[in-house]
Number of protein chains: 2
Amino acid sequence: MKLLSRQEELVLLSIWQLKGNAYGVTIREYISELTGKYWSIGAIYVPLDRLWEKGLVETYQGPTEKKRGGRSKRYYQVTAEGVKLLQEIKQVQDVIWKDFPRVAEE
Amino acid sequence: MKLLSRQEELVLLSIWQLKGNAYGVTIREYISELTGKYWSIGAIYVPLDRLWEKGLVETYQGPTEKKRGGRSKRYYQVTAEGVKLLQEIKQVQDVIWKDFPRVAEE
DNA sequence: TTCGTTTACTTCTAAATAATAGAAGAATAA
DNA sequence: TTATTCTTCTATTATTTAGAAGTAAACGAA
C-alpha cells in the first residue's frame with residue numbers, strides 16, 4: 001500500500017470535505033481553520049499538483065465571475081482512485097489510533 | 001499547533017501502542033504489519049531520533065539477554081508532552097475524517 | 001577455550017522526495 | 001491605474017528512505 005505524505009493527505013481530504021467548492025483558496029482556509037495555524041500558499045498548491053499527477057484528484061477551470069477579482073478558479077475533486085486510497089488509509093488510521101485516549105473534558 | 005510529519009506520527013503512535021515493548025525492531029515490525037509494506041531500517045530510526053530531540057519520547061537502555069544476539073535494546077516510551085500532542089492531532093484527525101465512508105463490506 | 005560465525009539490534013549518512021515561503025503573474029472590476 | 005482574487009513558479013529547508021557498517025551477545029567446531 002502507498003501512504004500519502006502528511007500534506008497530501010490533508011489536502012486530499014479537504015477537497016473531499018469541501019465537496020464542489022474546493023479550490024486553492026478555500027482549501028487553504030479550511031486547513032488553516034482546522035489546524036489553527038498559518039499555511040503558506042505553496043504549502044497547499046505544491047502537494048495539490050502532486051495529487052493531480054498521481055491521478056488522485058481531477059481539476060476543471062471554473063467560470064469567471066462578474067465581480068472584482070472575479071478571475072476563474074481552478075476547482076478540484078477527488079477521483080474514484082483517490083477515494084479508494086483514502087479508504088485504505090482510513091483503515092490504517094483506525095487501527096493506529098485505536099484506544100488512544102480522548103482529551104479529558106473540563 | 002505543530003503537526004507531526006507522516007513518519008513521526010506513525011512511529012510515535014506505534015510506541016504508544018507497543019506499551020513497554022517499543023524498540024527499533026518491534027516498531028518496524030508493527031508498522032510493517034499494519035501497513036502491509038516494506039519499511040527500511042532508516043525509515044524508523046531517523047524519525048525516532050527526531051521525536052527524541054523534540055522531547056516527545058524518552059529512551060532507556062534495556063538489559064542484555066542471555067540468548068543469541070541478546071544485545072541490549074534501546075527502548076522508547078512516549079512522554080507526557082508526546083501524549084498531549086497526540087491528543088491535539090487526534091482532534092484534527094477526527095474532524096478531517098468525519099463522515100468519510102467506510103469501505104463497503106463484501 | 002578460543003576464534004570464526006550467527007543472530008539481533010543500532011548508528012550513520014547519502015540521495016531522493018516533500019514541505020514551506022512568498023514573489024511574480026494573470027484575470028477580473030473599480 | 002489601482003485593487004482584488006486567485007494561481008504559478010521556484011528556491012530553500014526539512015523529511016524520508018535505503019542499506020552499509022558497526023556493536024554486542026551466544027554458538028560451535030577444533
Side-chain angles (χ1 to χ4, degrees), chain A residues 1-15 18 21-32 35 37-54 56-76 85 89, chain B residues 1-15 18 21-32 35 37-54 56-76 89 92:
Chain A
M1 143 172 220
K2 179 72 182 90
L3 295 177
L4 293 175
S5 74
R6 162 58 70 239
Q7 275 309 93
E8 287 168 349
E9 181 181 307
L10 211 45
V11 169
L12 186 55
L13 265 170
S14 297
I15 294 168
L18 287 164
N21 194 34
Y23 63 96
V25 171
T26 53
I27 294 167
R28 187 175 172 214
E29 283 170 355
Y30 182 78
I31 294 179
S32 292
T35 58
K37 77 184 270 300
Y38 171 87
W39 295 88
S40 71
I41 295 166
I44 306 303
Y45 284 97
V46 171
L48 199 45
D49 274 359
R50 214 162 39 234
L51 289 170
W52 178 78
E53 282 168 11
K54 292 178 179 178
L56 302 173
V57 296
E58 54 199 5
T59 181
Y60 59 97
Q61 200 67 40
T64 63
E65 289 172 60
K66 291 281 173 277
K67 63 175 186 187
R68 195 159 186 154
R71 173 179 180 182
S72 116
K73 302 163 172 91
R74 174 165 291 284
Y75 287 96
Y76 288 87
L85 180 54
I89 291 172
Chain B
M1 145 174 220
K2 178 71 184 92
L3 295 177
L4 293 175
S5 73
R6 163 55 72 236
Q7 275 309 94
E8 286 169 348
E9 180 182 308
L10 211 43
V11 170
L12 186 55
L13 265 171
S14 296
I15 293 168
L18 286 165
N21 195 34
Y23 61 96
V25 171
T26 52
I27 295 167
R28 187 176 174 215
E29 282 170 357
Y30 183 78
I31 295 179
S32 291
T35 59
K37 77 185 269 302
Y38 172 87
W39 296 87
S40 71
I41 295 166
I44 306 302
Y45 284 97
V46 171
L48 199 45
D49 274 358
R50 214 162 37 237
L51 288 170
W52 179 78
E53 283 167 10
K54 292 180 180 177
L56 302 173
V57 296
E58 55 198 5
T59 181
Y60 59 96
Q61 199 69 38
T64 63
E65 288 172 60
K66 292 279 171 279
K67 63 175 185 187
R68 196 158 186 155
R71 173 179 179 184
S72 114
K73 302 164 173 92
R74 174 164 293 284
Y75 287 96
Y76 288 86
I89 291 171
V92 171

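Values reported hereafter were calculated over all heavy atoms of this structure, with side chains retained and with hydrogens, waters and symmetry mates removed. Chain letters run A, B, ... following the sequence lines, proteins first, then strands; residues in each count from 1.
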Does any non-hydrogen side-chain atom of Val11(A) lie less than 4.5 Å from one of Val57(A)?
no

So that I can tick it off, tell me whether Arg6(A) and Glu8(B) are bridged by a salt bridge, with the cut-off set at under 4.0 angstrom between side-chain N and carboxylate O.
no

What's the CG-C1' distance between Leu3(B) and dA14(D), to the nearest Å?
15 Å

To the nearest angstrom, the CD-P distance between Gln61(B) and dT11(C) comes to 7 Å

Protein N or O to nucleotides 19-22 of chain C N or O, pairs below 3.5 Å:
residue, atom, partner, partner atom, Å
dA19(C), OP1, Ser5(A), OG, 2.6
dA19(C), OP1, Gln7(A), N, 3.0
dA19(C), OP2, Ser5(A), OG, 3.2
dA19(C), OP2, Arg50(A), NH2, 2.1
dA21(C), N7, Ser40(A), OG, 3.0
dG22(C), O6, Gly42(A), N, 3.1

How close or far is atom P of dT8(D) from atom NZ of Lys73(A), stated in whole angstroms?
14 Å

For Tyr38(B), give me all partners under ring pair (Phe, Tyr, Trp, His ring centres under 6.0 Å), at least two apart in sequence or on another chain.
none

Distance-minimising heavy-atom pair for Leu85(A) and Lys2(A)
CD1-O, 3.3 Å

Thr59(B): what forms a side chain to side chain donor-acceptor pair (under 3.5 Å) with it, not counting sequence neighbours?
Arg74(B)

Residue list, side chain to side chain donor-acceptor pair (under 3.5 Å) with Ser14(B), at least two apart or on another chain:
none

For Tyr76(A) and dT8(D), what is the distance between atoms OH and C1' respectively, to the nearest whole Å?
10 Å

Which atom pair, heavy atoms only, marks the closest approach of Gln7(B) to Ala43(B)?
NE2-O, 3.0 Å

Between dT7(D) (P) and Trp52(A) (CH2): distance, integer Å:
16 Å

Any chance CH2 of Trp52(B) has more than 12 other-residue heavy atoms, nucleotides or ligands included, within less than 6.0 Å?
no

Starting from P on dT10(C), measure out to CG on Leu51(B) and report it in whole angstrom.
15 Å

Could you give the CZ-to-C1' distance, from Arg28(A) to dT5(D), as a whole number of Å?
12 Å

Residue set satisfying side chain to side chain donor-acceptor pair (under 3.5 Å) with Glu29(A), at least two apart, ordered chain then number -> none

Can you check the Leu12(B) CG to dT15(D) P distance for me, whole Å?
15 Å

Close N/O contacts between protein and nucleotides 24-30 of chain D (under 3.5 Å):
residue, atom, partner, partner atom, Å
dC27(D), O4', Arg68(B), NH1, 3.3

